[in-house]
K.L.:
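Right, I'll just put the structure down here and ask away after.
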There are 2 protein chains.
Amino acid sequence: MPDELSPRGRELVAAARVLLEAEGPEGLSMRRLAERVGVTAPSVYKHLPDKAALEHAVISDAFAEMAVAFAAAVDGAGDRLGALATAYRRFASAHPHLYRLMTTRPLDRGRLRAGVEAAAAAPLVAAVGGDADAARAAWAFAHGMAILEIDGRFPPDADLDAAWARGIAAFRPGAA
Amino acid sequence: MPDELSPRGRELVAAARVLLEAEGPEGLSMRRLAERVGVTAPSVYKHLPDKAALEHAVISDAFAEMAVAFAAAVDGAGDRLGALATAYRRFASAHPHLYRLMTTRPLDRGRLRAGVEAAAAAPLVAAVGGDADAARAAWAFAHGMAILEIDGRFPPDADLDAAWARGIAAFRPGAA
DNA sequence: GTCTATACCCGGATAGAC
DNA sequence: GTCTATCCGGGTATAGAC
């Protein structure tokens, strides 16, 4: 389980988030982070054991944010799956580098804050009617759309709104 | 357009593919590639202008292989979409590092061999009945499933066969 | 077309003084 | 808890001799 952080540790994690969102995962180095906060690189190691701990702290915060955003999106919505898809796509396109860090590498769940990943996933499971297989398929669809869009993999003239709509329709409870 | 390669250039690209598949994109460096082929690192630059050219040559070969595999999979199949999904999943899990190189970064299409990407995509467009939006949605689903599986993002007890089946059903012509 | 040598970046992380 | 100094590794790429 991740240790509690000192105030300086929190400051470092917050600065890492800003640096990540500005420059991408490659730009997030211990040296550059230290520079931003105004300390030297070795000092960072007094607050965080290593770089993986830093990354997992950023990811944990992001999952917690996602959980809040997704819960708000489905709250009172008639089309819960559609509302969720919109919120998912919005999060990914608003925070592309963060989204990439969260999703495109193997995740050491033991280093995340407990429960944050499940909290982010819960609204989707509910929106597809509790079917775990459908939830995983829908997540794969949403992740595929989001990451291919971030990476510019679709042709420039592709109608991505239409592709999203086609996929959402496919996973509504009762469909297929 | 990519230049033609010398025999040594072809040897380097083939060795890069082997190195990539064995050790992942991080293990593919010009130094290590040269070592494998039995030359020094600077010699590589006599045959390939830079690392991006090497990567794009590997990716072009892989798309061409995909196109052959996908065409064979749909040939004579009753359930073309199902056959294609099986072939797609098989390619990704048989060549995870190669698949990651092909799909998880922005792609400079001008450095690929002309037509290879379209050839790999064509069977899917046909299998969903020519609907481009459905084809993109189905591709996003398949890519999401493949890459999340490669990255170990699903829970260990998840029934991925069932999730694949649920998604495939969603994108069959006429569904949703 | 190959080599040696090297320039010039970057990274994570540690030792030990203060 | 901060610093300076360093160790270790990695990488792409070029110059110039043969």
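First the proteins, then the strands, lettered A, B, ... as listed; each starts at 1.
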K.L.:
What's touching nucleotides 11-15 of chain C from the protein side, N or O pairs under 3.5 Å?
P.N.:
unit_1, atom_1, unit_2, atom_2, d
C/dG11, OP1, A/Ser29, OG, 2.9
C/dG11, N7, A/Arg31, NH2, 2.8
C/dG11, O6, A/Arg31, NH2, 3.2
C/dG12, OP1, A/Lys51, NZ, 3.0
C/dG12, OP2, A/Met30, N, 2.9
C/dG12, N7, A/Arg31, NH2, 3.3
C/dG12, O6, A/Arg31, NH2, 2.7
C/dA13, OP2, A/Tyr45, OH, 3.1
C/dA13, OP2, A/Lys51, N, 3.1

K.L.:
What I want to find out is whether B/Arg31 reaches B/Glu35 closely enough, with some N-O distance under 4.0 Å, to be called a salt bridge.
P.N.:
no

K.L.:
Would you say B/Thr40 places a side-chain N or O within less than 4.0 Å of OP1 or OP2 belonging to C/dC3?
P.N.:
yes

K.L.:
Do B/Asp159 and B/Arg166 meet the salt-bridge criterion of a basic N to acidic O distance under 4.0 Å?
P.N.:
no

K.L.:
Tell me whether the centres of the aromatic rings in B/Tyr88 and B/Tyr99 are closer together than 6.0 Å.
P.N.:
yes

K.L.:
Supply the atom-to-atom distance B/Trp139 CH2 to B/Thr103 OG1, rounded to the nearest 0.5 angstrom.
P.N.:
8.0 Å

K.L.:
Nearest 0.5 angstrom please: B/Leu20 CG to B/Glu26 CD, how far?
P.N.:
9.0 Å

K.L.:
Can you check whether B/Arg89 reaches B/Asp161 side chain to side chain, under 4.5 Å on heavy atoms?
P.N.:
yes

K.L.:
Between atom NE2 in B/His47 and atom C1' in D/dT12, what is the gap in whole Å?
P.N.:
17 Å

K.L.:
Hey, are B/Glu23 and B/His97 close enough side-chain-wise for a donor-acceptor pair under 3.5 Å?
P.N.:
no

K.L.:
Are any of the side-chain nitrogens in A/Asp61 or A/Arg10 under 4.0 Å away from the carboxylate oxygens of its partner?
P.N.:
no

K.L.:
Could you list by number each residue of residues 6-19 of chain B showing a heavy-atom separation from DNA chain C of less than 4.0 Å, or answer none if no residue does?
P.N.:
B/Arg8

K.L.:
Take the protein atom CG of A/Leu33 and the nucleotide atom C1' of C/dC10, then report the distance between them rounded to whole Å.
P.N.:
16 Å

